[in-house]
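One structure below.
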Amino acid sequence: MPPALGPPSLRSSMSDLHHDISHDQYAVRSKKLEEMRAGGFDPFRANAQQTHFSAEALKAHVDGQDNTVSVKVAGRLVVIRDMGKSQFVKILDQEGQIQLYVKKDVIGDEPYAAFKKIDLGDIIGAEGTLFKSKTGEVTVRVEKYTLVSKALRPLPEKWHGLTDSEQVYRQRYLDLIVNPESRARLMMRSRIVASIRQTLASRKFIEVETPVLEGVAGGAAARPFVTHHNALGSDFYLRIALELRLKRLLVGGYDRVFEIGRIFRNEGVSRKHNPEFTMLEVYQAYSDFQGMMELIKAIFHDLCREVIGTFEIKHAASGEMINFAGDWRTVRYFDLIDAAVGFKLSELRSAPDYAARATEAARTLGLDIHSGWQPFEIVNEIFSKKIEPTLIQPTFVTHLPKELCPLAKLNQEDAGLIDVFELCIGGMEVAPAYSEQNDPFVQRQMFEQQAGEEQQKMDTDFLLALEHGMPPAGGMGVGIDRLCILLTGAESIRDVILFPSLRPSDAK
RNA sequence: GGGUCGAUAGCUCAAUGGUAGAGCAGCAUCCUUUUAAGUUGUUGGUUCCGGGUUCGAAUCCCGGUCGACCCA
C-alpha cells in the first residue's frame with residue numbers, strides 16, 4: 001500500500017485517507033496476518049520443534065567447530081537487526097535469549113521475503129547450525145524457520161522495558177518478556193519452592209493438600225474471606241492458616257507432614273502484605289521447637305547452596321550483608337525487651353503495675369499505646385516496632401509470652417511463656433515455630449483464655465481430634481513470599497508474586 | 001481507612017496558563033557478521049474520566065477512577 005502523500009491539509013481531502021494504517025500497529029499486524037492466511041499459511045495452525053532451550057543451545061556449540069551442531073529452537077522475537085539481505089534477530093525462551101542469523105541465500109528468496117514481514121513479538125521456530133559470530137556470540141545459522149504465532153500488539157520499548165507498575169502487575173506477561181530482572185526474580189521463586197520441597201522430601205516429610213474452604217477459619221488470628229456453597233447451603237471461610245488441618249494428620253499417624261499452600265487474609269494490602277499469600281507449614285512428630293531450628297537452618301543452607309549460590313545476601317533496605325552460614329543467634333524475647341526499654345521490665349511481669357510500667361516504657365520509646373491494651377500487647381508493640389526491624393541477621397527469638405499463641409506448649413519453668421521461636425531475618429518475621437500443644441485440656445483453656453484484640457476462633461472439631469491423642473511434635477510456618485523477598489532482594493511482596501492482588505479494572 | 005505523589009503517542013519520557021515534542025516501536029528507503037546495529041525520510045494524540053476558573057488549560061481548582069509510597 002502506498003503511503004499517503006502531501007501535507008495533511010491536502011491529504012485530508014484524499015478519499016483513501018482512512019486506508020493509511022501505518023501508524024496503527026495493531027492494524028498493520030492484522031493486515032499481515034490476513035495476507036498470510038489469504039496466501040494459504042496460518043501461523044496459528046503451525047507448530048515448531050524445540051530440541052534445545054536457548055541456554056542449552058549456547059552450551060552445545062563446540063569452540064572452533066562452527067556449523068557442526070544442529071539445533072531446533074523456538075521463542076519470541078525480541079530483537080531484529082535487519083541488514084537488507086541478512087538479519088540478526090534474537091528470540092526469547094524460558095531460559096533466555098539466543099541470536100539467530102537469517103541469510104537470504106541460505107533460506108531462499110521467498111522464505112526470506114516472508115521473514116522480512118515478521119514483527120517484533122512474533123513467535124517462531126528455527127532450525128540450523130551453531131556458529132560463533134565475528135563478535136564472539138554463539139548464533140544459530142538458520143536454515144529453516146516457521147512462524148507459529150502472530151503478535152497483533154507491539155512489545156513495550158526494548159531498552160527501558162516496562163516501568164509502569166500497574167501494567168507490570170496487570171500484564172505480567174509483558175514484564176516477563178521485556179524485564180529480565182523480573183524474569184529472573186520470579187523464576188527464582190519457583191526454584192526456592194522446589195528446593196524446599198526437596199529438602200523436606202529428603203527428610204521423609206509427606207506433602208499433603210488440605211481444604212481451602214473451611215467451616216471455621218482457625219489456626220491464626222485474622223479476618224477471613226467469606227464465601228457461600230450453594231449445594232451445601234452454607235457459608236465457608238477461606239483458610240487463614242494450615243495448622244489445624246495438618247495437626248489432625250499427626251493424630252492420624254502421618255508423623256512428618258507439610259503443605260505449601262495459599263492462605264487468605266481479608267486485610268490491608270501493602271509492601272509486605274498481599275490478601276492471598278503462600279505459606280509452608282511443617283509438622284514433625286517426636287520433635288519440638290528446637291528440632292525446627294535445625295530444620296529451618298537446613299532449609300536455608302540448601303537454598304543458599306543450590307539456589308542462591310552464596311551464604312551471604314545483601315539486605316535491600318539496610319545494605320547490610322545477611323550471613324546464613326555459621327551459628328544463628330538465639331535470644332530470649334524478654335532479654336530483647338529489657339535491652340530496648342533500658343531496665344528489667346521482665347521482672348515486673350507479675351507486679352500489679354506491670355501494665356502501667358510497660359505503657360510508660362513504650363511511650364518513652366515514642367510508641368502510640370492504646371489505653372485498653374493488655375500488657376502482652378504493649379510489650380509486643382515494643383517488640384514489633386523497635387526490635388524486630390533491627391534483627392537483620394538470622395535470629396531465633398525464644399520464650400515468647402503465652403498470650404501470643406494459644407497453640408504452643410507452655411514452658412516447663414515459666415508457665416507464662418511458651419516453647420517457641422520466632423525466626424527474624426532482615427527485620428521481618430520469617431518463620432514462627434512451636435513445640436505443639438497436644439494436651440486437649442490445656443488447649444481448650446488456651447482458646448478460652450485468649451485476650452486482646454487478635455483472638456483465634458475455637459475449632460471444637462480440632463479439640464475432638466486432640467482428645468484422640470496427638471503425638472508431641474515440633475511445627476513451623478514459613479511465609480514463602482517474605483522468604484522470596486529476602487532471598488531475591490525484592491522491595492515489595494508484589495515483586496515476588498506473579499499476579500498480585502489489584503482492584504479489578506476493565507480490560508481495554 | 002487517612003496523608004503525599006502520579007496518570008501525556010504502542011512503550012520510555014519532555015512541554016512558564018499561549019501551535020503538545022523526542023527516543024524506541026511503526027511505515028517507507030539503503031545495507032549479507034549485527035550487539036540499544038547503522039542510514040535517509042515519515043505517520044501517529046479524547047494529554048485517565050467528569051465538571052469548573054480563564055480570552056485561552058496537559059498545566060490552576062473541585063469531584064471521580066486506577067496506581068505508587070508513607071501511616072493506621
Side-chain angles (χ1 to χ4, degrees), chain A residues 1-8 11-12 14 16-32 66-67 77-90 97-109 112 115-122 128 130-142 151-171 174-175 177-180 223 266-273 317 366-370 381 384-385 453 491-495 500-508:
Chain A
M1 189 197 61
L5 300 171
R11 275 190 288 121
S12 63
M14 293 164 69
D16 64 343
L17 172 66
H18 61 281
H19 291 307
D20 179 11
I21 55 162
S22 67
H23 63 275
D24 183 344
Q25 303 192 42
Y26 182 85
V28 168
R29 287 163 181 245
S30 298
K31 189 156 170 280
K32 286 181 182 175
D66 281 355
N67 300 317
L77 265 170
V78 289
V79 173
I80 296 177
R81 299 194 190 100
D82 183 355
M83 289 170 300
K85 294 182 184 65
S86 75
Q87 303 188 23
F88 281 99
V89 305
K90 283 187 178 178
Q97 299 186 358
I98 187 165
Q99 181 166 264
L100 313 180
Y101 184 47
V102 184
K103 219 173 155 186
K104 187 175 181 179
D105 53 21
V106 173
I107 66 169
D109 289 359
Y112 191 78
F115 194 85
K116 284 215 148 202
K117 292 189 176 170
I118 288 180
D119 292 302
L120 275 178
D122 289 357
L130 295 169
F131 74 101
K132 210 169 229 180
S133 76
K134 240 183 203 171
T135 51
E137 179 164 353
V138 174
T139 303
V140 180
R141 181 176 178 273
V142 175
L152 295 175
R153 296 185 186 277
L155 288 176
E157 204 231 14
K158 62 182 172 188
W159 187 239
H160 299 93
L162 192 62
T163 63
D164 176 42
S165 55
E166 187 172 357
Q167 217 174 343
V168 164
Y169 300 141
R170 288 195 200 279
Q171 292 181 276
L174 293 178
D175 176 49
I177 294 166
V178 299
N179 294 334
R223 278 170 56 197
N266 203 342
E267 290 163 2
V269 175
S270 81
R271 237 152 40 95
K272 289 182 182 170
H273 300 86
L367 295 171
D368 191 15
I369 301 301
H370 297 207
E381 181 74 2
S384 57
K385 291 285 161 57
E453 290 183 345
E491 292 183 355
S492 163
I493 196 168
R494 284 181 288 259
D495 295 334
S501 300
L502 294 179
R503 275 200 177 77
S505 105
D506 297 328
K508 283 175 190 170

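Both backbone and side-chain heavy atoms feed into the values below; hydrogens, waters and symmetry mates do not. Here is the naming used below: chain letters follow the sequence lines, and residue numbers restart at 1 for every chain.
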- Under 4.0 angstrom, heavy atoms only, what part of the nucleic acid is A:Arg141 near: base, sugar-phosphate, or nothing? nothing
- Item | Closest-nucleotide ordering on RNA chain B, the 5'-leading residue of A:Lys134 and A:Leu162 | A:Leu162
- Separation between the C1' atoms of B:C24 and B:G38, rounded to whole Å: 15 Å
- Item | Touch class at under 4.0 angstrom, heavy-atom based, for A:Val178 against every strand present | nothing
- Message: Between B:G56 and B:G6, how many Å separate the two P atoms, rounded to a whole number?
- Response: 26 Å
- Task: Determine yes or no for a side-chain-to-main-chain donor-acceptor pair under 3.5 angstrom, with A:Asn179 supplying the side chain and A:Leu162 the backbone.
- Result: yes
- Which value, in whole Å, describes the distance between the C1' atoms of nucleotides B:U29 and B:C66? 42 Å
- Message: By the 4.0 Å heavy-atom rule, please label A:Ser133 as base, sugar-phosphate, or nothing.
- Response: base
- Examine B:U32: is either OP1 or OP2 under 4.0 Å from a nitrogen or oxygen in the side chain of A:Lys85? Give yes or no. yes
- Message: Heavy atoms from C-beta onward define the side chain here; which of B:C69, B:U33, B:C31 lies closest to that of A:Tyr101?
- Response: B:U33
Give me the distances for all protein-to-nucleotides 20-23 of chain B N/O pairs that come in under 3.5 Å?
residue, atom, partner, partner atom, Å
B:G23, N2, A:Glu157, OE2, 3.3

- Task: Can you see which heavy atom on A:Gln87 is nearest to which on A:Lys116, and at what distance?
- Result: NE2-CG, 3.7 Å
- Query: If you look at every strand shown and take non-hydrogen atoms under 4.0 Å, does A:Arg29 touch a base, only sugar-phosphate, or nothing?
  - Reply: nothing
- Task: Assign each of A:Ser492 and A:Leu120 to its nearest nucleotide of RNA chain B by heavy atoms, then name whichever residue's nucleotide is nearer the 5' end.
- Result: A:Leu120
- Task: Give the stems involving RNA chain B, where a stem is 3 or more consecutive Watson-Crick or G-U wobble pairs (i with j, i+1 with j-1, and so on) under 3.5 Å.
- Result: B:1-7 with B:65-71, B:10-13 with B:21-24, B:26-28 with B:40-42, B:48-52 with B:60-64
- Task: Take atom P in B:C62 and the same atom in B:A72, then report the distance between them in whole Å.
- Result: 27 Å
- Item | Closest contact, heavy atoms only, A:Lys103 versus A:Ser86 | CG-CB, 4.0 Å
- What nucleic acid atoms does A:Tyr26 come within less than 4.0 Å of, heavy atoms only: base, sugar-phosphate, or nothing? nothing
- Task: Establish, with yes or no, whether the OP1 or OP2 oxygen of B:C66 is under 4.0 angstrom from a side-chain nitrogen or oxygen of A:Arg503.
- Result: yes
- Has A:Arg81 got a side-chain N or O lying under 4.0 Å from the OP1 or OP2 atom of B:A37? yes
- Message: Show the nearest heavy-atom pair for residues A:Val138 and A:Leu130, with the distance to one decimal.
- Response: CG1-CD2, 4.1 Å
- Message: Check this for me: does the side-chain of A:Asp105 come within 3.5 Å of the base of B:U32 through a donor and an acceptor?
- Response: yes
- Message: For a quick test of reading the model, state the closest non-hydrogen atom pair linking A:Pro156 to A:Leu174 and the distance between them.
- Response: CD-CD2, 4.0 Å
- So what does A:Gly268 touch, heavy atoms closer than 4.0 Å: a base, only the sugar-phosphate, or nothing? nothing
- Task: Mind checking A:Tyr112 for me? I need base, sugar-phosphate or nothing, with any heavy atom below 4.0 Å counting as a touch.
- Result: nothing
- Task: Return the value, rounded to whole Å, for the distance between atom NZ of A:Lys116 and atom P of B:C27.
- Result: 12 Å
- Query: With side chains defined as the heavy atoms from C-beta onward, is the minimum distance between A:Lys132 and A:Asp66 less than 4.5 Å?
  - Reply: yes
- Query: In whole Å, what separates the P atom of B:U39 from that of B:C31?
  - Reply: 16 Å
- Query: What nucleic acid atoms does A:Lys158 come within less than 4.0 Å of, heavy atoms only: base, sugar-phosphate, or nothing?
  - Reply: sugar-phosphate
- Query: Is a donor on one side and an acceptor on the other found under 3.5 Å between the side chain of A:Asp122 and the backbone of A:Asp119?
  - Reply: yes
- Task: Mind checking A:Gln87 for me? I need base, sugar-phosphate or nothing, with any heavy atom below 4.0 Å counting as a touch.
- Result: nothing
- Those residues that, when tested against A:Glu381, pass side-chain hydrogen bond (donor to acceptor under 3.5 Å, both in side chains) (two or more places apart): A:Lys385
- Note on the structure: Side-chain atoms of A:Arg271 come closest, of B:C70, B:U34, B:C11, to B:C70
- Item | P-based separation of B:G2 from B:U54 [nearest Å] | 32 Å
- Message: Nearest to the A:Met83 side chain among B:C27, B:C11, B:A37, which nucleotide is it?
- Response: B:A37
- Query: Roughly how far apart, to the nearest Å, are B:G63 and B:G23 at atom C1'?
  - Reply: 36 Å
- Using only heavy-atom distances, decide whether a donor-acceptor pair under 3.5 angstrom links the side-chain of A:Ser86 to the base of B:U33. no
- Task: Look at the side chain of A:Glu137 and the base of B:U33, then say whether one donor and one acceptor between them are separated by less than 3.5 Å.
- Result: no
- Query: Within the pair A:Arg153 and B:C11, is there a side-chain N or O less than 4.0 Å away from OP1 or OP2?
  - Reply: no
- Query: Under 4.0 Å between a side-chain N or O of A:Gln99 and OP1 or OP2 of B:U34?
  - Reply: no
- Message: Does a side-chain N or O of A:Thr163 approach OP1 or OP2 of B:U12 to a distance below 4.0 Å, or not?
- Response: yes
- Message: What's A:Leu502 touching, base or sugar-phosphate or nothing? Going by heavy atoms closer than 4.0 Å.
- Response: sugar-phosphate
- Contact class for A:Asp368 (heavy atom, under 4.0 Å): base, sugar-phosphate, or nothing? nothing
- Task: Take atom P in B:A15 and the same atom in B:A7, then report the distance between them in whole Å.
- Result: 11 Å
- Task: Looking at every strand, decide which applies to A:Lys32 at a 4.0 Å heavy-atom threshold: base, sugar-phosphate, or nothing.
- Result: sugar-phosphate
